[in-house]
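Both backbone and side-chain heavy atoms feed into the values below; hydrogens, waters and symmetry mates do not. Keep in mind that what you see is a predicted model, and the values were worked out from it rather than measured. Naming: A, B, ... by sequence-line order, numbering from 1 per chain.
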There are 2 protein chains.
Amino acid sequence: MENPSGFLDALERAGYRLTEPRRLVAGLIAERAGHFTAADLVAAAQRRRAGIGRATIFRALELWLELGAVERIDLPSGQHAYVRCEPAHHHHVVCSECGRASEIDDVGLRAFVDAVARRTGYAIDTHRLELFGRCPACRSGSQRPARRTA
Amino acid sequence: MENPSGFLDALERAGYRLTEPRRLVAGLIAERAGHFTAADLVAAAQRRRAGIGRATIFRALELWLELGAVERIDLPSGQHAYVRCEPAHHHHVVCSECGRASEIDDVGLRAFVDAVARRTGYAIDTHRLELFGRCPACRSGSQRPARRTA
DNA sequence: GTAGATGCAAAACCTTTGCATTTTG
DNA sequence: CAAAATGCAAAGGTTTTGCATCTAC
């Protein structure tokens, strides 16, 4: 759905090797529209007999996580999932129906965080926000509840 | 640190039995200042040879979670943790140093969520916000970095 | 050629479940 | 006394690790 080269670039820039397994995992991620779990990728890899080990997938995700190419979120169900992300933004709205994720900018949120800091006296240095709802597409084709991604 | 009767009341109100193990777990939770993990409780129970099984602790947490007596949050590290909470509020600032958690109200956040909904076209029905930073106490006694809770 | 990356299988975790036994109301 | 709750140990599920082998640079 979107091209995987961002992931490969990130690796290259950070001095990691561009290996075949990593290209494949990047490809798998690229063809996912919304969020996905490590298990999704493992299953997809097996389905197409890519010969990539579970460990490789986890290691690649870990790498991209630390490079800021993906973000890890926690679904309300408690499962872990990942979404692709541009290094600068760090929040998403995730569609609870189709799993598609959209990035949102911090405007306004920053103000809120500052207000909380002022009210509570905490020196806030991190925050995580996850929003869940139905995306415009799923809302319009409201009839049949589309496939669940997670 | 705070009394455990809220937990027991919640059980009673919901028609669950007030058992000895549940009293003990409530006590363990009550003496924790901030967030805690299931593992924390299991360890504490074993340390004092309370004879409470792992399963009982998980089952009790599950119960309180659904009764709204605790909320489950996910630390930046990816670990699961719980915090006590008043049924009406649903966000916390967690001190990354001592683990103490303070509740915050939604004023302002609601406005932000609405703005996102408007901008993205999503019908947002859930959101999770977790804030992390250093609490006033830890900031003042800035010298030695206090114990880590998680 | 060599450091880095991989695959496999085992290990380590954390959480849940089945079931015989105990406890609460 | 019956229904609910418990403890134990075993099962489930996910993520990590050790290590011999392979591969990108």
Side-chain angles (χ1 to χ4, degrees), chain A residues 5 7-29 35-67 69-70 72-82 150, chain B residues 7-28 35-67 69-70 72-82 150:
Chain A
S5 56
F7 289 87
L8 304 176
D9 290 349
L11 290 178
E12 189 156 49
R13 253 181 281 117
Y16 291 101
R17 292 185 177 175
L18 290 182
T19 66
E20 202 44 37
R22 282 176 181 163
R23 282 177 216 281
L24 279 163
V25 177
L28 290 177
I29 294 178
H35 58 203
F36 56 90
T37 62
D40 287 340
L41 299 182
V42 172
Q46 288 183 329
R47 223 177 298 120
R48 64 185 69 171
R49 293 179 181 60
I52 306 173
R54 205 192 327 285
T56 301
I57 291 176
F58 277 94
R59 287 189 276 233
L61 284 173
E62 185 183 12
L63 219 47
W64 284 317
L65 185 61
E66 113 193 350
L67 295 179
V70 297
R72 190 161 121 172
I73 61 179
D74 301 282
L75 279 2
S77 69
Q79 296 188 282
H80 291 321
Y82 298 82
Chain B
F7 288 88
L8 305 176
D9 290 349
L11 290 178
E12 189 156 48
R13 253 181 282 116
Y16 292 100
R17 292 186 177 176
L18 290 181
T19 66
E20 202 45 38
R22 284 176 180 163
R23 282 177 215 281
L24 278 163
V25 177
L28 290 178
H35 58 203
F36 55 91
T37 62
D40 288 340
L41 299 182
V42 172
Q46 288 183 329
R47 222 178 299 119
R48 64 185 69 172
R49 291 176 183 61
I52 304 174
R54 205 192 326 286
T56 300
I57 290 176
F58 277 93
R59 288 190 275 232
L61 284 173
E62 185 184 11
L63 219 46
W64 285 317
L65 185 59
E66 112 193 351
L67 295 179
V70 298
R72 190 162 121 171
I73 62 179
D74 301 282
L75 278 2
S77 69
Q79 294 187 282
H80 291 320
Y82 298 81

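Across A:Ile57 and A:Ala38, no two heavy atoms sit closer than the pair CG2-O, 4.3 Å.
With rounding to whole Å, A:Asp40 atom CG is found 11 Å from D:dT15 atom P. Rounded to whole angstrom, the span from the CZ atom of B:Phe58 across to the C1' atom of D:dA11 amounts to 15 Å. What separates CG of A:Leu41 from P of C:dG7 is a distance of 14 Å, to the nearest Å. For A:Leu24 and D:dT23, the CG to P distance is 13 Å, given to the nearest whole Å. A:Ile57 has its CD1 atom 13 Å from the P atom of D:dT16, to the nearest Å. Nucleotide C:dG7 holds its P atom 16 Å from the CZ atom of A:Arg49, rounded to whole Å. In this entry the distance linking CH2 of B:Trp64 with C1' of D:dA5 reads 13 Å, nearest Å. When the C1' atom of C:dC14 is taken as reference, atom CD of B:Gln46 falls 14 Å away, rounded to whole Å.
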Apply side-chain contact (heavy atoms from CB on, under 4.5 Å) to the pair A:Val70 and A:Phe7, showing each step before the final yes or no.
CA-CA 9 Å; A:Val70 297; A:Phe7 289 87; 3.6 Å; yes
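Residue order along DNA chain D, read from the 5' end via each residue's closest nucleotide, puts B:Gly51 first among B:Arg54 and B:Gly51.
Using a 30° and 60° split on the angle between ring planes, A:Phe36 and A:Tyr82 fall in the parallel class, below 30°.
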Nucleotide by nucleotide, 5' to 3', does protein get under 4.0 Å of the base (B), only the sugar-phosphate (S), or neither (-) in nucleotides 17-25 of chain C, counting heavy atoms?
BB----BBS
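Using modelled atom types, one side-chain atom of B:Arg22 and one backbone atom of B:Arg17 make a donor-acceptor pair closer than 3.5 Å.
Counting any heavy atom pair closer than 4.0 Å across all strands shown, A:Arg22 reaches sugar-phosphate atoms only and no base atom.
For A:Arg59 and A:Glu62, the salt-bridge test fails: no basic side-chain N is under 4.0 Å from an acidic carboxylate O.
Using a 4.5 Å cut-off on side-chain heavy atoms (C-beta onward), B:Leu24 and B:Thr56 make no contact.
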